Amino acid sequence: MLSVVEEIIGFRGAGRPPRPGAATGSRSSRDGGGRPVAIDEGEGAGLMAGKRKTNPAGSTNSYRSDVLRVLGALKVATADQIQRISTPHLSFRHADKPTPSKRKQARTASHTGALSDMRKHGLSENGGSTDTGDALCNLTTKGLEAASYELRRPATEMGSTARGAGSAGASHPMAVNETVIALLRPKPDLAKLADDPPHVQAAAQAAVDTPPGIGTIASFWTEVPLPAPGTWNAPGKGGAQADLGPVAEVHCWAVESCGSVQSRAC
């Protein structure tokens with residue numbers, strides 16, 4: 001049985017079968033950012049029309065799942081950061097756009113649409129803007145519940161919604177996010193660029209050939225409690241909090257306001 005939250009976002013999770021009555025003859029426009037397109041007309045086209053009413057921005061399950069995973073781990077982020085972590089191949093596909101703003105608009109369009117649809121369902125919300133004018137987003141309590149399914153974490157370990165973090169530009173959370181991206185070193189999926197021009201494929205291949213990063217976004221945990229009294233799930237007063245830590249190891253990073261990163265055992 002799917003939970004109410006899972007039904008709203010169309011989440012099935014790894015290994016779960018499609019919902020009864022779901023069309024099997026359709027393909028999702030995962031790379032182009034548009035709504036799912038039916039291979040056959042008739043019943044498939046009617047299904048797509050229904051999905052469009054449910055998600056007016058035309059987002060797909062895959063892109064909404066990207067948002068849940070990234071915001072579930074980082075708490076607050078921009079569409080640009082979500083895209084760079086989840087679909088790095090789009091950074092190469094749209095590199096031919098004439099200006100940086102047009103390139104960013106093109107590569108983040110799909111995740112921007114996913115955020116719009118998730119706001120409609122009460123899963124995410126706008127959280128202000130960065131010092132450079134990029135819109136910030138965070139999950140609601142309902143969204144954190146959905147993210148716990150995606151990240152396979154207990155809801156008690158999901159932390160806060162980070163509401164209000166963008167009221168002063170969120171410079172510190174943005175520095176933490178950029179640290180995560182530097183640790184992840186996201187690699188583009190070359191198979192998704194198979195039909196792109198040779199120079200695009202060459203640039204992506206160069207990125208793939210760089211040293212690997214550490215884990216995936218699901219490997220990281222922000223707002224890590226370091227309890228003096230209390231427990232990990234219920235820290236008492238007086239305990240410290242690390243900015244960032246891996247889920248499976250006892251090691252943490254603190255990101256300083258000047259941009260430097262301190263690494264230490266927790």
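Since the model is a prediction, treat every value here as computed from it, not as a measurement.
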Identify every side-chain donor-acceptor pair in residues 207-214 under 3.5 Å, counting partners at least two apart or on other chains, and give the distances.
residue: Asp209; atom: OD1; partner: Gln205; partner atom: NE2; Å: 2.9
residue: Thr210; atom: OG1; partner: Lys187; partner atom: NZ; Å: 2.4
residue: Thr210; atom: OG1; partner: Ala207; partner atom: O; Å: 2.6

Task: Asp134 vs Gln81, side-chain contact (heavy atoms from CB on, under 4.5 Å): CA-CA, chis, key distance, verdict - done: CA-CA 10 Å; Asp134 287 320; Gln81 291 170 333; over 6 Å; no

- [ ] Just do the side-chain contact (heavy atoms from CB on, under 4.5 Å) check on Thr87 and His111 with the steps written out, would you?
- [x] CA-CA 10 Å; Thr87 54; His111 290 108; 3.2 Å; yes

Open item on the list: Is a donor from one side chain sitting under 3.5 angstrom from an acceptor on the other, for Thr132 and Thr130?
Closed with: yes

Open item on the list: Checking the side chain of Asp117 only, and the main-chain atoms of Ala57 only, is there a donor and an acceptor separated by less than 3.5 Å?
Closed with: yes

TODO: Measure the spacing between CG of Leu123 and OG1 of Thr141 and express it to the nearest 0.5 Å.
DONE: 11.0 Å

Task: Reported CG-to-CZ distance for the pair Leu190 and Phe92, which is rounded to 0.5 angstrom - done: 9.0 Å

TODO: Measure the NE2-NZ distance between His94 and Lys102 for me, rounded to the nearest 0.5 Å.
DONE: 13.5 Å

TODO: Scan side-chain atoms only and decide if Ser65 and Glu150 contain a donor-acceptor pair under the 3.5 Å cut-off.
DONE: yes

Open item on the list: Give me the atom names and distance for the closest heavy-atom approach of Ala218 to Arg153.
Closed with: O-NH2, 3.0 Å

Open item on the list: Walk me through whether His121 and Thr54 qualify under side-chain contact (heavy atoms from CB on, under 4.5 Å).
Closed with: CA-CA 9 Å; His121 297 307; Thr54 302; 3.9 Å; yes

TODO: Determine, stepwise, if the pair Ser101 / Thr99 fulfils side chain to side chain donor-acceptor pair (under 3.5 Å).
DONE: CA-CA 5 Å; Ser101 62; Thr99 65; 3.2 Å; yes

Task: salt_bridge(Arg84, Glu178) N-O dist < 4.0 Å - done: yes

TODO: Measure the spacing between OG1 of Thr161 and NZ of Lys142 and express it to the nearest 0.5 Å.
DONE: 15.0 Å

Task: For the student: nearest non-hydrogen atoms of Gly122 and Thr140, plus distance - done: O-OG1, 2.6 Å

Open item on the list: Ignoring hydrogens, what is the shortest heavy-atom contact between Val76 and Pro173? Give both atom names and the distance.
Closed with: CG1-CB, 3.6 Å

Open item on the list: Whether the side chain of Arg64 engages the backbone of Ser59 through a donor-acceptor N/O pair (distance < 3.5 Å, no angle test) should be reported.
Closed with: yes

Open item on the list: Distance check, rounded to the nearest 0.5 Å: Ser160 atom OG versus Leu144 atom CG?
Closed with: 7.5 Å

Open item on the list: Are the side chains of Thr179 and Leu183 in contact, using a 4.5 Å heavy-atom criterion?
Closed with: yes

Open item on the list: Which residue is it: Ile85, Ile181, Leu139, Asn138? I am looking for the one with a side chain to side chain contact (heavy atoms under 4.5 Å, CB included) to Leu74.
Closed with: Ile85

Open item on the list: Working to the nearest 0.5 angstrom, can you tell me the gap between Ile217 CD1 and Leu184 CG?
Closed with: 5.5 Å

TODO: Apply the test side-chain contact (heavy atoms from CB on, under 4.5 Å) to residues Ile82 and Cys137: give CA-CA distance (whole Å), side-chain angles for both, the deciding distance (0.1 Å), then the verdict.
DONE: CA-CA 10 Å; Ile82 295 171; Cys137 49; 4.0 Å; yes

Task: Whether Thr78 side chain and Leu136 backbone form a donor-acceptor pair below 3.5 Å - done: no

- [ ] Could you tell me whether a side-chain N or O of Gln201 sits under 3.5 Å from a main-chain N or O of Asp196, the two making a donor and an acceptor?
- [x] yes

Open item on the list: Quick check: do Leu151 and Glu157 have side-chain heavy atoms less than 4.5 Å from each other?
Closed with: no

- [ ] Verify the neighbour count for atom CG of Asp195: are there more than 12 heavy atoms of other residues, nucleotides or ligands below 6.0 Å?
- [x] no

Task: Qualifying residue, where the test is side chain to side chain contact (heavy atoms under 4.5 Å, CB included) with Lys97 and the options are Gln105, Arg103, Lys104, Arg107 - done: Arg103

